[in-house]
There are 2 protein chains.
Amino acid sequence: MTGDSRKPASRPTVQDVAREAGVSPSTVSRALHTRGYASREVRERVQEVAQRLGYVPNHMARNLRSRTSTAIGVLISDLRNPFYADLAAGVEEVLRSEGHQMILVNDNGDPDEEMHAAETLLAMQVAGVIVTPVAAGCSKMLQDNGIHVVCADRRLGRNGCDAVLSDNKAGAQELTEHLIGLGHERIGLLIDETKWSTGAGRLSGFRAAHEHAGIDLDEDLIVYTSFDAEAARESTRELLNDHHVTAILSANNVLAQGALAEIKHRKLRIPHKISLAAYDDVPWMSLVQPGITTVDQHTVDIGRSCAQLLLARIRDELPARHRTIRVAPRLIVRGSTGPAPRK
Amino acid sequence: MTGDSRKPASRPTVQDVAREAGVSPSTVSRALHTRGYASREVRERVQEVAQRLGYVPNHMARNLRSRTSTAIGVLISDLRNPFYADLAAGVEEVLRSEGHQMILVNDNGDPDEEMHAAETLLAMQVAGVIVTPVAAGCSKMLQDNGIHVVCADRRLGRNGCDAVLSDNKAGAQELTEHLIGLGHERIGLLIDETKWSTGAGRLSGFRAAHEHAGIDLDEDLIVYTSFDAEAARESTRELLNDHHVTAILSANNVLAQGALAEIKHRKLRIPHKISLAAYDDVPWMSLVQPGITTVDQHTVDIGRSCAQLLLARIRDELPARHRTIRVAPRLIVRGSTGPAPRK
DNA sequence: CTGTTAGCGCGTTCAT
DNA sequence: ATGAACGCGCTAACAG
């Protein structure tokens, strides 16, 4: 009951178990893995001894020897953003159920930090990496080192790697068409980037909806803002002051916060005076009154798919050519969008 | 540009660098660590070669040899709950800046999963573990195996380990006193557990505030619900139907969602008809109209402190006796709490 | 089915 | 200042 040895209580090894069970170390190794030859009797004895001694296999030694590992690196931009948290949660769920571990790194959307983190993961000998990329060269670097990579949510450059993406264009188009269907003709788009497949896709869906409806899109209604709620709030101010919009479409959940803040500040009634819609459904959007009309990306599912895809790749169950999984988003109409006000 | 070898492109090792640089492996090892003797000339040459070959040290081999590791296990209950996400984000921030890695596991608040995860972390030879405990024996098991443990947010049983806690009693008391100060005398408390230090502390603060004000607390106003929004919603129904409360205090952010949902469903005006307050400030609480009066736990700071405490312990910079850091919460008054309605 | 041998990649002795 | 030898804990080969 003491067990209070100051030293890093060196834990029992296969040697200890072997000695205690009266067999050789390799027999212990075989007996503990379900695979491998070992007689029932020996297996049971070894397992009993291991249990009694509190033996826990040393992953580092095992991995070093067998040149494999079950750890998976996950590189995301911002854990405090529910989008990334959900993504990570989906990934972790599958990894855990399959006996893998998740090494999670927040790269703050910074390419340098991402590259640095990728090198660390390399050093740790992870079996694969799931990344929401921000640095163009990152996945290539990993792949060049024999590490499987799955891009989550977006793809950067022309790198050939497996990916799980939301169908951004379809989702944004549907959302925009919903607004147009309500009679809106001047819809402001808040968007932070269009270099990535996410922003590019959403913008293109926004355009496509206008084209489809025969509306000549005023380019001034597309406001490029930076990636934070405060910037979005200022951009919303601009849209509201100068461009006579009757609806605002936010390209992600963070920008939507800024838009909502400004609208609330002005005490504009939603949706009577202004409609608000956002890409990426997150919990607060159904808690506010009225609820925000959104596109649900099924973010947790995206995470799950990433993990499944990566594990399949690691187990070499997939054809060589890179696979892209597209998760169809779903429009959720809530109270924040309504008929365009009469002029 | 090809680099398309099918085999897990075995990466360069110290051997390769040594051969290429015309020195011995041990010299390479010394040259790459800042410490250790090596002539300037050799050191530079070795570093140049390592760079050119894309050499990345193998953590598993290093750790195996040196019997240390920089990986830290983090065990939390639910990554999708912003409380845990913020906690993890704070932990990760400090770990990363100090050259450590975070292995994150979601135990879903299940003691068995937690124990299982702890064993995995043990196998991975983590240098320490940060845990929001749910299984009583978990931290003891880890400590018995020589692994440093920091309990985050709550403590279970009488286990002696470092911990970073919110001052739940003070926070809940302040929040309750705020309500009492507004004239509320029948305040319903939604709480999911009181076995942990969190629930126990918050309940005790709730009681203390009543005592302090000389109000005889009706025990029926304390509703023990289970840990999900839907259960909280039903409990809210009960409070509203049978107990004539003028205010509801939710013991955490999840339960608050249920309470708000029911209040909105009944179209009760906040705060005129009913006041709502919640422990644990999360983003949606300042987005809804009116904003929810809360206690901010400084969750990210708690995470940071956990990591700092753990690293200090690992570096043996702390006296033997266990340290408990208490992070003072802060009352944030928003619009959801107002004077109690006249009878 | 089992034991013996060897070595994963590295850092740390000990010699020189 | 540098190289040779050894071993961390484990498992893949090989015998038997």
Side-chain angles (χ1 to χ4, degrees), chain A residues 7-47 49-50 53-71 122-127 145-146, chain B residues 7-47 49-50 53-71 122-127 145-146:
Chain A
K7 300 287 173 60
S10 77
R11 307 197 264 278
T13 75
V14 273
Q15 303 274 359
D16 301 319
V17 178
R19 196 180 322 109
E20 191 77 9
V23 292
S24 78
S26 28
T27 301
V28 171
S29 173
R30 283 184 294 242
L32 292 181
H33 298 326
T34 318
R35 66 170 169 281
Y37 307 98
S39 68
R40 267 187 58 87
E41 192 220 356
V42 168
R43 169 159 305 170
E44 280 168 8
R45 181 151 42 93
V46 167
Q47 286 176 342
V49 171
L53 264 50
Y55 169 77
V56 175
N58 184 327
H59 270 205
M60 320 227 83
R62 172 189 308 209
N63 296 341
L64 181 60
R65 171 64 226 206
S66 60
R67 307 161 140 288
T68 60
S69 109
T70 52
L122 231 143
M124 298 182 76
Q125 314 294 114
V126 294
N145 281 281
Chain B
K7 299 287 174 58
S10 75
R11 307 197 264 280
T13 74
V14 272
Q15 303 274 355
D16 300 319
V17 178
R19 198 181 319 110
E20 191 76 7
V23 294
S24 78
S26 25
T27 303
V28 171
S29 174
R30 283 184 293 241
L32 292 182
H33 297 325
T34 318
R35 66 169 169 281
Y37 306 100
S39 69
R40 268 188 58 87
E41 191 218 359
V42 168
R43 169 160 305 174
E44 280 169 9
R45 181 152 42 93
V46 167
Q47 286 176 343
V49 171
L53 263 49
Y55 169 76
V56 176
N58 183 328
H59 270 205
M60 321 227 82
R62 181 200 304 248
N63 296 341
L64 182 60
R65 165 65 214 185
S66 58
R67 305 159 141 287
T68 60
S69 107
T70 52
L122 231 142
M124 298 181 78
Q125 315 295 114
V126 294
N145 281 281

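Since we're looking at a predicted model, the values are computed, not measured. Letters A, B, ... mirror the listed sequences (proteins, then strands); counts begin at 1.
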Practice item. Calculate the interatomic distance between A:R45 atom CZ and C:dC1 atom C1'; express it in whole Å. Key: 13 Å
Practice item. Look at B:R67 and D:dG9 and indicate whether a side-chain polar atom (N or O) is within less than 4.0 Å of OP1 or OP2. Key: yes
Exercise for review: Let me know the distance between CG of A:L64 and C1' of D:dC10, rounded to the nearest Å.
Suggested key: 8 Å
Review point. What integer distance in Å separates A:Q15:CD from D:dG7:P?
Key: 12 Å
Exercise for review: Applying side-chain contact (heavy atoms from CB on, under 4.5 Å), run through B:R11 and B:V56 and close with a yes or a no.
Suggested key: CA-CA 8 Å; B:R11 307 197 264 280; B:V56 176; 5.7 Å; no
Check your understanding: Roughly how many Å is it from CG in A:L32 to P in C:dT2, rounded to a whole number?
Key -> 13 Å
Review point. Has B:S39 got a side-chain N or O lying under 4.0 Å from the OP1 or OP2 atom of D:dT2?
Key: yes
Exercise for review: For atom CD of B:E44, decide whether the heavy atoms of other residues, nucleotides or ligands shown that lie under 6.0 angstrom number more than 12.
Suggested key: yes
Revision key, fill the gap. Heavy-atom closest pair (A:Y55 atom, A:T13 atom, distance to 0.1 Å) is CE1-C, 3.6 Å
**Study point:** Contact check, side chains of B:V126 and B:L122, non-hydrogen atoms, under 4.5 Å
**Key:** no
Point to revise | Short side-chain N/O contact from B:S24 to OP1 or OP2 of D:dG3, under 4.0 Å | key: yes
Review point. For the residue pair B:Q125 and A:P57, what are the closest heavy atoms and their distance?
Key: OE1-O, 4.5 Å
Pairs: protein N or O with nucleotides 11-13 of chain D N or O, under 3.5 Å:
{"unit_1": "D:dT11", "atom_1": "OP1", "unit_2": "A:H33", "atom_2": "NE2", "d": "2.9"}
{"unit_1": "D:dT11", "atom_1": "OP1", "unit_2": "A:R62", "atom_2": "NE", "d": "3.1"}
{"unit_1": "D:dT11", "atom_1": "OP2", "unit_2": "A:S29", "atom_2": "OG", "d": "2.9"}
{"unit_1": "D:dT11", "atom_1": "O5'", "unit_2": "A:S29", "atom_2": "OG", "d": "3.4"}
{"unit_1": "D:dT11", "atom_1": "O2", "unit_2": "A:R65", "atom_2": "NE", "d": "3.4"}
{"unit_1": "D:dT11", "atom_1": "O2", "unit_2": "A:R65", "atom_2": "NH1", "d": "3.4"}
{"unit_1": "D:dA12", "atom_1": "O4'", "unit_2": "A:R65", "atom_2": "NH2", "d": "3.0"}

**Study point:** Pairs flagged by side-chain hydrogen bond (donor to acceptor under 3.5 Å, both in side chains) wherever residues 58-68 of chain A is involved - sequence neighbours left out
**Key:** A:S66-A:T68
Exercise for review: Take the C1' atoms of the five end pairs on each side of the helix from C:dC1-D:dG16 to C:dT16-D:dA1, get both axes, and report the angle to 10 degrees.
Suggested key: 40°
Review point. In whole Å, what is the span from the CZ atom of A:R43 to the C1' atom of C:dT2?
Key: 13 Å
Exercise for review: Give the rounded distance in Å between these two atoms: CG of B:N63 and C1' of C:dC8.
Suggested key: 14 Å
Check your understanding: Sequence neighbours excluded, which residues qualify as side-chain contact (heavy atoms from CB on, under 4.5 Å) partners of B:V42?
Key -> B:V23, B:T27, B:S39, B:R45, B:V46
Practice item. For B:T70, enumerate each residue passing the side-chain hydrogen bond (donor to acceptor under 3.5 Å, both in side chains) test, keeping only those at least two apart in sequence or located in another chain. Key: B:Q101
Practice item. In whole angstrom, give the distance that lies between atom CG of A:D16 and atom P of D:dC10. Key: 9 Å
Check your understanding: Under the side-chain contact (heavy atoms from CB on, under 4.5 Å) test, which residues partner A:S26, sequence neighbours left out?
Key -> A:S24, A:R30
Exercise for review: Verify the contact: side-chain N or O of A:T27 to OP1 or OP2 of C:dT2, cut-off strictly under 4.0 Å; return yes or no.
Suggested key: no
**Study point:** A:R19 CZ - C:dG3 C1' separation (whole Å)
**Key:** 16 Å
